[in-house]
2 protein chains.
Amino acid sequence: MKMRDAFTCPLELVHDMIKGKWKPIILWRLRLGPTSLSRLEKDIDGITQKMLLEHLKELIDYGFVEKKTFDGYPLRVEYSLTEEQGRELLEALKIMQQIGIKYLKSHGKEDVLIEKGILPG
Amino acid sequence: MKMRDAFTCPLELVHDMIKGKWKPIILWRLRLGPTSLSRLEKDIDGITQKMLLEHLKELIDYGFVEKKTFDGYPLRVEYSLTEEQGRELLEALKIMQQIGIKYLKSHGKEDVLIEKGILPG
DNA sequence: CTGGATCCCGAATGATACTG
DNA sequence: CAGTATCATTCGGGATCCAG
């Protein structure tokens, strides 16, 4: 993801760091705890391994996600939110999630929310 | 800004609504209160009127910003955050701003912050 | 063999410049 | 301001490679 070379306020920086089609969902999925690559691939609907790796890599570079590789057999790799930055960003994402829910409600789309298990059926 | 036709969680929806190079800065600038188009154009460094209008339009369509036109002379137009959605999103942006500030600090870039007047010189 | 990671390329989208 | 042209970036598919 290309960062702009100059920015006016730190907000722009962070926006650039988390822009990209899949970054928010990846982070959102990671709020549930450490996960393997293949698990993420299964859980995030429609993502390809390539996209997942690409976006994960950036999230790691910017310090939102950390990767732990365990030696031994079977091979195991875990991705998780970083305590500091990752968890903090999660707070912002929670707000956005709430806004999305309210938005759908107030636009007569409760059915979508129910269908996705966000609201009780 | 193109929205994806299907999304897994409301978060994705909101992310799509505020993606775009200038949207966060516009919202950030609007936190200070209602502003005219020309004022925004002056305050946001590097933006063209076209981009500003385009992005404002979407923010209005999605309910984050409202536009008030005052009749009379001189003609006056004001853009501001909406009470509900706009202000709520601002909370998320504030967190992101904080993350950005911390990030810059912990990467030895305090000087950038001082230069921009975010930290006292 | 399995799970993880990288490379190349065409198609779709976003941003900017230019023009009236 | 709106329309169009152009340039830059992102997305996605699929082949390929690496390591245990």
Side-chain angles (χ1 to χ4, degrees), chain A residues 1-8 11-27 29-30 34-62 64-80, chain B residues 1-8 11-29 35-62 64-65 67-70 74-79:
Chain A
M1 212 61 44
K2 166 138 194 182
M3 304 288 276
R4 64 198 91 190
D5 17 86
F7 53 89
T8 344
L11 172 60
E12 291 181 78
L13 175 66
V14 176
H15 179 256
D16 275 3
M17 295 193 290
I18 62 170
K19 78 163 182 254
K21 185 169 179 182
W22 305 99
K23 294 222 188 81
I25 310 98
I26 294 174
L27 293 165
R29 170 59 247 260
L30 288 178
T35 322
S36 73
L37 186 71
S38 53
R39 187 102 278 274
L40 282 172
E41 198 178 342
K42 285 191 198 92
D43 290 350
I44 300 177
D45 205 54
I47 200 170
T48 64
Q49 196 191 39
K50 194 190 99 153
M51 279 292 118
L52 186 50
L53 278 163
E54 237 175 78
H55 288 204
L56 271 172
K57 182 169 174 358
E58 290 179 19
L59 289 172
I60 293 168
D61 287 346
Y62 297 136
F64 294 109
V65 170
E66 60 187 346
K67 171 183 169 181
K68 287 188 187 135
T69 309
F70 299 88
D71 296 338
Y73 189 82
L75 191 61
R76 198 156 65 92
V77 176
E78 270 187 5
Y79 294 93
S80 55
Chain B
M1 213 62 41
K2 166 138 195 185
M3 304 287 276
R4 62 197 94 187
D5 19 86
F7 52 89
T8 342
L11 172 61
E12 291 181 81
L13 176 66
V14 176
H15 179 256
D16 275 4
M17 295 194 290
I18 62 169
K19 76 163 182 254
K21 184 168 178 183
W22 305 99
K23 295 223 187 77
I25 309 98
I26 294 174
L27 293 165
W28 191 245
R29 171 61 246 260
T35 322
S36 72
L37 186 71
S38 55
R39 189 101 277 274
L40 282 172
E41 199 179 341
K42 283 191 200 93
D43 289 350
I44 300 177
D45 205 54
I47 200 171
T48 64
Q49 197 189 41
K50 182 179 173 149
M51 276 294 116
L52 185 51
L53 280 165
E54 241 174 74
H55 287 206
L56 269 173
K57 181 170 175 358
E58 290 178 19
L59 290 172
I60 292 168
D61 288 346
Y62 297 136
F64 293 110
V65 170
K67 172 182 171 179
K68 285 187 189 138
T69 309
F70 299 88
L75 192 62
R76 197 156 65 91
V77 176
E78 271 186 5
Y79 294 91

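In the text below, chain A, chain B and the rest are named by the order of the sequence lines, each starting its count at 1. In this text the structure is predicted, and so the values were computed from the model without any measurement.
The distance between atom NE2 of A/H15 and atom C1' of C/dA15, rounded to the nearest whole Å, is 14 Å. One can place CD of B/E58 at 12 Å from C1' of C/dT13, the figure rounded to the nearest angstrom. Atom pair A/L59:CG and C/dA5:P shows a separation of 14 Å (rounding to whole Å applied). In this structure, A/E78 places its CD atom 13 Å from P of C/dA5, rounding to the nearest Å. Look at CD1 on B/I25: it is 11 Å from P on C/dA15, rounded to the nearest Å. One atom, CG of A/L40, and another, C1' of C/dG3, lie 13 Å apart when rounded to the nearest Å. Here C/dA15 presents its C1' atom at 12 Å from NZ of B/K23, a figure rounded to the nearest Å.
To the nearest 0.5 angstrom, A/L59 atom CG is 11.0 Å from A/Y79 atom OH. Atoms CD1 and CG, on B/I25 and B/L40 in that order, are 11.5 Å from each other to the nearest 0.5 Å.
Remark: the backbone N or O of A/T69 is not paired with any side-chain donor or acceptor of A/E78 at under 3.5 angstrom. Of the possible polar contacts, one joining the A/K23 side chain to the A/K19 backbone as a donor-acceptor pair under 3.5 Å is found.
The phosphate of C/dG3 has neither OP1 nor OP2 within less than 4.0 Å of any side-chain N or O from A/Y79.
Residues passing the salt bridge (Lys or Arg N to Asp or Glu O under 4.0 Å) test with A/D43, sequence neighbours excluded: A/R29, A/R39. Under the rule for a side-chain hydrogen bond (donor to acceptor under 3.5 Å, both in side chains), the partners of B/E12 that lie at least two apart in sequence or sit in another chain are B/R4, B/T8.
If you check every strand for non-hydrogen atoms under 4.0 Å, B/K57 touches nothing. A/L37 comes within contact range of the sugar-phosphate backbone alone, with a heavy-atom separation under 4.0 Å but no base atom that close.
Between A/I26 and the options A/L52, A/I18, A/T35, a side-chain contact (heavy atoms from CB on, under 4.5 Å) holds for only A/L52.
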> Base, backbone or nothing for each nucleotide of nucleotides 6-20 of chain D, written B, S, -, heavy atoms under 4.0 angstrom, 5' to 3'?
Replying inline: ---SSSBBB-----S
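Checking C/dA5, D/dC1, C/dG3 against every side-chain atom of A/L53, the shortest atom distance belongs to C/dA5.
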